[in-house]
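Letters A, B, ... are given to chains in the order of the sequence lines, protein chains preceding strands, and every chain is numbered from 1.
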Protein chains: 2
Amino acid sequence: MSPAKRSPASPARSRSNDPEGMRNRILDAAFDAFVTRGYHATAMNDIRDLAGVSGGAFAHHFPSKKQLGLAVLKERVADAVTQSWIAPVQQAATPKEGIRTVMTAIIDELSARAKVTGCPLNNLAHELSGGDRDFQVACAAVFDRWQQGIAEALMRDGTAYEAAEAGRLAGFVIASYSGAMAMAKSRQDVGALCDCRAMMDRMIP
Amino acid sequence: MSPAKRSPASPARSRSNDPEGMRNRILDAAFDAFVTRGYHATAMNDIRDLAGVSGGAFAHHFPSKKQLGLAVLKERVADAVTQSWIAPVQQAATPKEGIRTVMTAIIDELSARAKVTGCPLNNLAHELSGGDRDFQVACAAVFDRWQQGIAEALMRDGTAYEAAEAGRLAGFVIASYSGAMAMAKSRQDVGALCDCRAMMDRMIP
DNA sequence: ATCAAAACAGGTCATTTATCCTGTTTTATA
DNA sequence: TATAAAACAGGATAAATGACCTGTTTTGAT
């Protein structure tokens with residue numbers, strides 16, 4: 001066999017497939033674009049270019065935009081909620097302190113950055129959970145895990161809660177934060193989040 | 001002049017222009033479509049067909065989709081907030097009772113209807129305030145009016161609030177409601193709103 | 001080594017979308 | 001009544017979008 005048989009264009013560099021890495025690059029680019037610009041406002045071309053993958057590879061991993069959106073919800077948005085909210089609150093000395101620490105961390109990060117992009121879950125949930133059933137279920141699942149994670153932390157605390165009461169309080173914490181973040185995004189000002197943090201301090205025993 | 005000179009197609013019915021009514025029909029259709037399906041998910045064709053207007057009339061009143069979206073925010077979403085929240089709370093005997101009444105009315109209406117479509121302002125704010133500056137400012141203006149309306153009611157109440165404290169509390173009420181509605185929309189279940197109403201009862205003095 | 005399937009490359013295609021265009025009718029103004 | 005502008009009608013269009021398609025290379029199983 002002739003030595004120049006392999007690649008017609010790039011002669012030396014042989015391709016080594018990394019399907020998982022390729023998939024992750026697409027998911028990362030899609031997560032960023034969907035959360036910051038919105039699902040419908042983002043074109044598949046944008047994600048493809050952002051991730052730097054070919055159309056063939058893109059279509060191989062995600063044959064449709066809906067499948068990509070669902071994967072972003074289940075494999076990126078869910079993890080973001082776990083890492084930024086559930087885990088810190090559960091690992092804190094008390095849930096009250098954990099919630100305050102999380103809020104402060106988010107406020108500080110937003111203050112450092114130029115733009116307030118909002119909560120990934122709420123951004124996507126508002127745009128998608130009203131239309132498609134699969135999106136609605138996927139968003140609801142993340143909200144459920146979020147609420148249950150906070151409720152568990154509240155129940156493990158010294159201040160004994162009934163399960164129902166812990167669930168209600170956890171839901172109210174999530175709702176207040178979500179709404180405050182919505183106002184902060186609209187105003188491009190973290191003030192609403194600071195007020196929310198102060199109110200929660202008074203509210204949580 | 002010959003009697004059949006006027007309209008080539010419909011002979012008898014003469015057209016009487018009603019530009020304000022035409023504009024309102026377009027705005028109503030756009031408001032409904034933008035809030036329920038989303039801004040980007042709604043095509044101009046859909047609104048045009050829903051309103052039953054010609055392309056020419058449509059383009060005459062709203063030359064671009066962005067202008068239509070801004071008009072919907074300023075002339076429909078803002079009014080919806082005033083009529084469903086600000087006015088009832090300000091007219092109630094006490095702001096606490098007014099807030100409970102508003103929440104109950106919304107919960108009852110959602111329970112009667114089949115679908116939880118969410119808060120018009122929050123739906124549009126989440127999708128639009130992140131991208132375009134004009135949209136962001138328009139959404140923020142509605143949030144500001146909303147918060148100030150509730151804060152005024154709190155300050156007129158017997159329980160004297162400082163202006164700053166009334167503003168913080170009003171913002172927290174709006175944030176909690178907005179977030180609870182987001183969860184209700186995702187889950188298609190009013191439970192989060194009921195819990196929110198109960199928590200507010202404990203919180204507001 | 002053989003073979004089938006997975007992974008990837010690059011381009012095409014039908015459809016949708018928002019906007020615009022030409023022409024007609026109505027209204028307001030003088 | 002003359003005239004310009006507003007209001008409306010119906011269709012055209014260029015751009016963008018999501019999906020698809022043919023071919024090549026890599027990988028894993030036998």
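- With salt bridges taken as basic N to acidic carboxylate O contacts below 4.0 Å, one links B/D46 and B/R37.
- Using a 3.5 Å distance cut-off with no hydrogens or angles, the side chains of B/R187 and A/S129 do not pair a donor with an acceptor.
- Between B/F172 and A/F172, the two ring planes are perpendicular [angle over 60°; tilted spans 30° to 60°].
- Remark: A/D79 engages no residue in a side-chain hydrogen bond (donor to acceptor under 3.5 Å, both in side chains) (not counting sequence neighbours).
- Using a 4.0 Å cutoff on non-hydrogen atoms, the parts of residues 25-58 of chain B near DNA chain C are B/T42, B/A43, B/M44, ordered by number.
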For nucleotides 28-30 of chain D, print each protein N/O atom paired with a nucleotide N/O atom at under 3.5 Å, atom names and distance only.
none

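- Checked by atom type, the side-chain pair B/T117/B/T36 shows no donor-acceptor distance below 3.5 Å.
- Using a 3.5 Å distance cut-off with no hydrogens or angles, the side chains of B/R76 and B/N24 do pair a donor with an acceptor.
- Scanning for side chain to side chain contact (heavy atoms under 4.5 Å, CB included) contacts around A/N122 gives A/C119, A/H126, A/F143, A/W146, A/S178, B/H126, B/A182, with sequence neighbours left out.
- Nucleotide D/dA5 holds its P atom 17 Å from the CG atom of B/N17, rounded to whole Å.
- Judged by distance alone, the side chains of B/Q136 and A/Q188 never bring a donor and an acceptor atom under 3.5 Å apart.
- Residues passing the salt bridge (charged side-chain N to carboxylate O under 4.0 Å, His left out) test with B/D134, sequence neighbours excluded: B/K66.
- Considering only heavy atoms from C-beta on, A/N123 stays 4.5 Å or farther from A/Y39 through its side chain.
- Taking a 4.0 Å limit (strictly below) on heavy-atom distances, residues 59-68 of chain A reaches DNA chain C at A/H60, A/H61.
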